[in-house]
Protein chains: 2
Amino acid sequence: MKEEQYLFIRYLKSKGLKLTSARETVLTAFLKSEGHLSAEDLLAAAKKIDPGLGQATVFRTLKILADAGLAQDACQDEGPRRYEHVYKHSHHDHLICVGCGKLIEFCHPEIEKAQNEIFREFGFQASGHRLELRGLCADCAGKSGKTRE
Amino acid sequence: MKEEQYLFIRYLKSKGLKLTSARETVLTAFLKSEGHLSAEDLLAAAKKIDPGLGQATVFRTLKILADAGLAQDACQDEGPRRYEHVYKHSHHDHLICVGCGKLIEFCHPEIEKAQNEIFREFGFQASGHRLELRGLCADCAGKSGKTRE
DNA sequence: AAGCTTATTGATAATGATTATCAATTTCAA
DNA sequence: TTGAAATTGATAATCATTATCAATAAGCTT
Ligand SMILES: [Mn+2]
Ligand SMILES: [Mn+2]
Ligand SMILES: [Zn+2]
Ligand SMILES: [Zn+2]
């Protein structure tokens, strides 16, 4: 059994929530997937395991996975909310091509450090941040200046 | 007449769009307001000038204002989309208290510089970025560790 | 293992923000 | 002034998400 499953079970117990087969199905589907995925994506994946699974359960379980620290909102500000893995995946920010949607994950230590300075300067206790860079990738900049979105 | 109005009129002409009284009303209401405001906020403000103004027109005009470079999406990832002034307002990022909603605008040159490095490193032509820091302000951290949201 | 309390489920309706549709009205170039 | 074309406000439609609820499943307690 994967570590993530132990964490999930422990989290459920700690909150008095029940370990149900629907939740197991959603977790399994989530662990098998990668990248940024929407509730709809995850529902499709989970239905391959249990075709009877309800959509509402996916939304609900995704929220639990986030609370348990296994998933997090990887919000691009278009379209439906998307989640990504967080357990055993290091922190990163996103660079997105507005031409073709290409997505690059990066981490820039200087930026992370500077962010902490900001928190300190304003007397805030940091809880998170989101940085999204948008532009045209080399391919798209070459072809034309056209953007989608 | 304010500079913003000239810019708006010039933009409309350049796109073959018409200068209508509804659009003037929305622009006037927008220019009188400040901060981050939703379509609903703006509709309320605009209705004080013209009570008959339609909601759809506000959504439509806000989009035009953004295209014209007068407004921009100041997206916090909760709730309805919010716009802020961009003309004669310098670039900044946002620091938000998850406890009380307090919002601080800041600009950190080092971060801006580092972002350009990222764009360069991956061969992207920059078109924008969004950085949002979230945490507890001193007041909220003092009172308790409780977050809203 | 059976009973029992409570959480969970899936279907469905409801919500909130935004966009599409459309007939009536306005704009503005000729 | 005219008339083609854009715009308006009302309204319906859409999309993602959440709420509701009766039926079911979990997991103690015995
Ligand atoms: Mn990512
Ligand atoms: Mn701002
Ligand atoms: Zn691209
Ligand atoms: Zn606060």
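First the proteins, then the strands, lettered A, B, ... as listed; each starts at 1.
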What about B:K18: does its side chain form a donor-acceptor pair under 3.5 Å with the base of D:dA5? yes
Any side-chain N or O of [X] under 4.0 Å from OP1/OP2 of [N]?
X: B:T57; N: D:dG9; result: yes
X: A:R23; N: C:dT8; result: yes
X: B:T20; N: D:dT8; result: yes

Compare every heavy atom of A:T25 with every heavy atom of A:A46, then report the nearest pair and how far apart it is. O-CG2, 3.6 Å
What is the nucleic acid contact for [X], judged by heavy atoms within less than 4.0 Å: base, sugar-phosphate only, or nothing?
X: A:G52; value: sugar-phosphate
X: B:K63; value: sugar-phosphate
X: B:R81; value: sugar-phosphate

Interatomic distance where [atom1] belongs to [X] and [atom2] belongs to [N] [whole Å]:
X: B:L53; N: D:dA10; atom1: CG; atom2: C1'; result: 13 Å
X: B:Q55; N: C:dA17; atom1: CD; atom2: P; result: 10 Å
X: B:L43; N: C:dG16; atom1: CG; atom2: C1'; result: 15 Å

Of the listed C:dA11, C:dT8, C:dT27, the closest approach to the A:L17 side chain comes from C:dT8
For B:R60 and A:V58, find the nucleotide of DNA chain C closest to each by heavy atoms; which residue's nucleotide sits nearer the 5' end? A:V58
Kindly state whether the ring of A:H94 and the ring of A:F106 have centres lying under 6.0 angstrom apart. no
